[in-house]
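Worksheet: the structure to be examined is printed underneath.
So that the names make sense, note that chain A is the first sequence line, chain B the second, and so on, each numbered from 1. If you're wondering where the values come from, they're calculated on a predicted model, not measured in any experiment.
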Amino acid sequence: MSDTHKSLNFLEQIVEDDLANGYTREQLRFRFPPEPNGYLHIGHCKAIGISFGLGEKYDAPVNLRFDDTNPAKEEQEYVDAIKEDVAWLGYKWDQVCFSSDYFQQLYDWAVEMIKDGKAYVDSQSSEVMAEQKGTPTQPGVAGPYRDRSVEENLDLFERMKAGEFKEGAHVLRAKIDMADPNMLMRDPLMYRILHKDHHRTGNTWCIYPMYDWTHGESDYIEQISHSLCSLEFKPHRKLYDWFLDQVYTGKDLRTKQREFARLNLNYTIMSKRKLLRLVEEGVVSGWDDPRMPTISGLRRRGYTPMALRKFVETVGVAKRENVIDVSLLEFNIRQDLNKTATRVMAVLDPVKLVITNYPEGKEEQLLADNNPEDSNSGTHEVPFSRELYIEREDFKEEASNKYFRLTLGKEVRLKNAYIIKGESVVKDASGAIKEIHCTYDPESRSGSGTEASKRNVKGTLHWVSIQHAVKAEVRLYDRLFNNESPDGHPEKDFMEFLNPESLKVITGYVEPFLANAKVGDRFQFQRLGYFNVDLDSTADKLVFNRTVGLRDSWAKQKPKPQQNQGQPKPQQQQQASALSTINKLGKKLANLPEEKRIATIADIEKHAANLSEEEVKGFFNTAAKKVGTRMAGIVSLYAFAKAHSKEISSIDGAEEFVQKALEDKNELLQEVASR
RNA sequence: UGGCCUAUGGUGUAACUGGCAACACGUCGGUUUUUGGUACCGAAGAGUCUAGGUUCGAGCCCUAGUGGGCCAACCA
């Protein structure tokens, strides 16, 4: 099929429509506008993906703009971190901009507005002004300073700028409409006095513009064609446009704001304020703690830019509130790492395995594929000897035949090595297993090509040679919260849902190949999961983070209780099916092609014999507009009556139901009813 | 006494101009496999919030209702 119509999301559609209605491609320009008051998280990843993605799609520039109008909360540290994160994701911005670069222009425009009677200085307290503002359901009222003269406003505003007043003494407000149903239009603040040093402008200013007055005008200055933001800014759009009206010359591009639903992930939180609390209260080690949903945390955890980009791509763009399941995130990182991560062996919960018929002191270098998914990835050597560690979980003295791992008397393969057979167990005084003794088949070495090496054994275990193993710290992460929606409970603090087991630090044994792994390197620990080398790793102490486990269908079936071994529930399904089949068939009945319709009706008649009278009656109050279902109802009624040799008139409500169908405008329905 | 947004399987997103509701994740089976991974095959799961209307035909258009979200920071 040549019509691979790639469906556009609604933002792409808007851009396409604009292009069709006069915008040129050269006019397209986007921006990502973070406030430098915290680290970027996975939710920002979506926003970044949308604006930068559009930039890539249309080959249009995208500015990275820091919305830095509040010196009380913003810091250079965050600016640097944000740049690093965006760059790491692989996006290229056109210009780095700062709203603070436009402070003078904004001030000049504000003065013009005062002269035009569109802005005034208010000198009340914030509490009083809030009261005058009314509520969403109640209009506001004008304050006493609303009609100050232009001269007085100009004088006051200039003195505000000159630093003559204390914080809170005066503000500049736009003069719009105190009764507007949109609260944001009730004379919004444009400037407040803040005697604080700004991370870029120092002490040049002591009045700072508010978000609404800054954001749209910054877009306009930069000639952003589409200013995309999250849904909570929808009510701001009216103000955005109003402010733009005040400065728009009519000669250049008029920017527009459009809104999309932000990303939410279950089992985590996305609020910067709450993330900051986790950092400040030491619940996590910092913004880049691998359990954090921040980009830097995910990076440290071992996520790849590709996985994150793919993730936000699959999540889509729309306008309804959504909660994405973390499993989708995990799917994306596994998919990427499966193709790229080098396979190695590591034992995290070791038990000693002795191969009694393997010569003492002997060692061999065996070959291991670096990545079976990538034929160009090559191989590496792994040392083998008489004493190994295997995973404690991989041995049971006796087990059902569903257990593919090592038991006494059964054979399994040691990955990349030999086939072994469990022989005996050595236990300590308390009965805990100290050693497992086994024998190996010398002919069965992997890759040797012998008959024995090709033997089919069900299980394959990973292992490390004890004398060659390298100790490493391994950090096992689990979700930070136990609750699907930690901040979705108004009466409870999200901290109550912290998972006490979100981090487990253990010592593991890894094959010597990993001895000189570098910080950030990603591996698959065979049969266990994906791991990367943590920042804390040093030449003499390796530290690994578990990025994500492998899918594990064995772990899933284990906890299953024995009881429901019986039959699933065929009974119930059988019963539901007569009615539900008819419903399904009936739904589209009215707009099927004739031939198919006749066949479908015959089909319904067949099923209708199995209905109960109650089920048939259920059709009688079908909504009038559901013509197909009503048709199916009529057909069922007739077939039912026939099958049970009943008169229509003996069924409550049936005659009325038929009568209504006969009187319906729809010919098909009439036809069916008149049979 | 309000205004704005929104409603499609468990989750997320599609369905172009109205024409037998699709894709991905997840779930459940099966095949392959020197990773209980991967890959491949298959299944279950949605009457598209409700009720009216327009139409031969509505997830899509219109009206009303209902549910959910957002809006009363000198935050962004």
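Residue order along RNA chain B, read from the 5' end via each residue's closest nucleotide, puts A/Asn9 first among A/Asn9 and A/Met129. When each of A/Lys625 and A/Asp212 is assigned the nucleotide of RNA chain B bearing its nearest heavy atom, the one mapping closer to the 5' terminus is A/Lys625.
In this structure, A/Asp664 pairs ionically with A/Arg630, as a charged nitrogen and a carboxylate oxygen lie closer than 4.0 Å. The pair A/Asp180-A/Arg186 does not count as a salt bridge, with every side-chain nitrogen at least 4.0 angstrom from each carboxylate oxygen.
Residue A/Arg551 is in sugar-phosphate contact alone, with no base atom involved, counting any heavy-atom pair closer than 4.0 Å across all strands shown. Residue A/Pro372 is in base contact, counting any heavy-atom pair closer than 4.0 Å across all strands shown. Note on A/Asn182: nothing from the nucleic acid sits closer than 4.0 angstrom, heavy atoms only. At the heavy-atom level, A/Leu550 lies under 4.0 Å from base atoms of the strands shown. Nucleic acid contact class of A/Gly459 (heavy atoms, under 4.0 Å, all strands): none. When heavy atoms are screened at a 4.0 angstrom cut-off, A/Val171 is found touching base atoms of the nucleic acid. Among the atoms of the strands shown, none is found under 4.0 Å from any heavy atom of A/Lys166. Heavy atoms of A/Phe404 sit under 4.0 angstrom from at least one base atom. Contact annotation for A/Glu373: base contact, defined as any heavy-atom pair under 4.0 Å involving a base atom. Note on A/Lys238: nothing from the nucleic acid sits closer than 4.0 angstrom, heavy atoms only. Within the 4.0 angstrom heavy-atom criterion, no nucleotide atom of any strand lies near A/Val627. As judged by a 4.0 angstrom heavy-atom cut-off over every strand, A/Val457 is placed among residues making no nucleic acid contact. Among the protein residues, A/Gln138 comes within range of the nucleic acid bases, having at least one heavy atom under 4.0 Å from a base atom. Among the heavy atoms of the strands, none lies under 4.0 Å from A/His462.
Taken together, the paired segments of RNA chain B that extend over three or more consecutive Watson-Crick or G-U pairs, each closer than 3.5 Å at both contacts, are B:2-7 with B:66-71, B:10-13 with B:22-25, B:27-31 with B:39-43, B:49-53 with B:61-65.
For A/Glu330 and B/G26, a side-chain-to-base donor-acceptor distance below 3.5 Å is absent, hydrogens and geometry of angles not being considered.
Side-chain nitrogen and oxygen atoms of A/Ser553 include at least one within less than 4.0 Å of the OP1 or OP2 phosphate oxygen of B/G37. At B/U6, one or more side-chain N or O atoms of A/Lys319 fall inside 4.0 Å of OP1 or OP2 (strictly under the cut-off). Within the 4.0 Å cut-off from OP1 or OP2 of B/U38, not a single side-chain nitrogen or oxygen of A/Arg334 is found.
Nearest to the side-chain atoms of A/Arg343 among the listed nucleotides B/A72, B/C74, B/U35 stands B/U35. Between B/G52, B/U11, B/A72, one nucleotide has an atom nearer to the side chain of A/Met183 than all others, and that is B/A72. Closest contact between the side chain of A/Lys626 and the listed nucleotides B/U34, B/A15, B/A51 involves B/A51.
Comparing the P positions of B/A21 and B/G59 gives an interatomic distance of 8 Å, to the nearest angstrom.
Partners of A/His215 by ring pair (Phe, Tyr, Trp, His ring centres under 6.0 Å), not counting sequence neighbours, listed by chain and number: A/Tyr211.
Atom P of nucleotide B/C4 and atom NZ of A/Lys234 are separated by 9 Å, given to the nearest angstrom. Between the CG atom of A/Asp325 and the P atom of B/G9 there is a distance of 15 Å, given to the nearest Å. In this structure, CZ of A/Arg192 is placed 4 Å from P of B/A76, rounded to the nearest angstrom.
The closest side-chain donor-acceptor pair between A/Asn370 and A/His380 falls under 3.5 angstrom.
Contacts with RNA chain B (heavy atom under 4.0 Å) in residues 448-455 of chain A: none are found.
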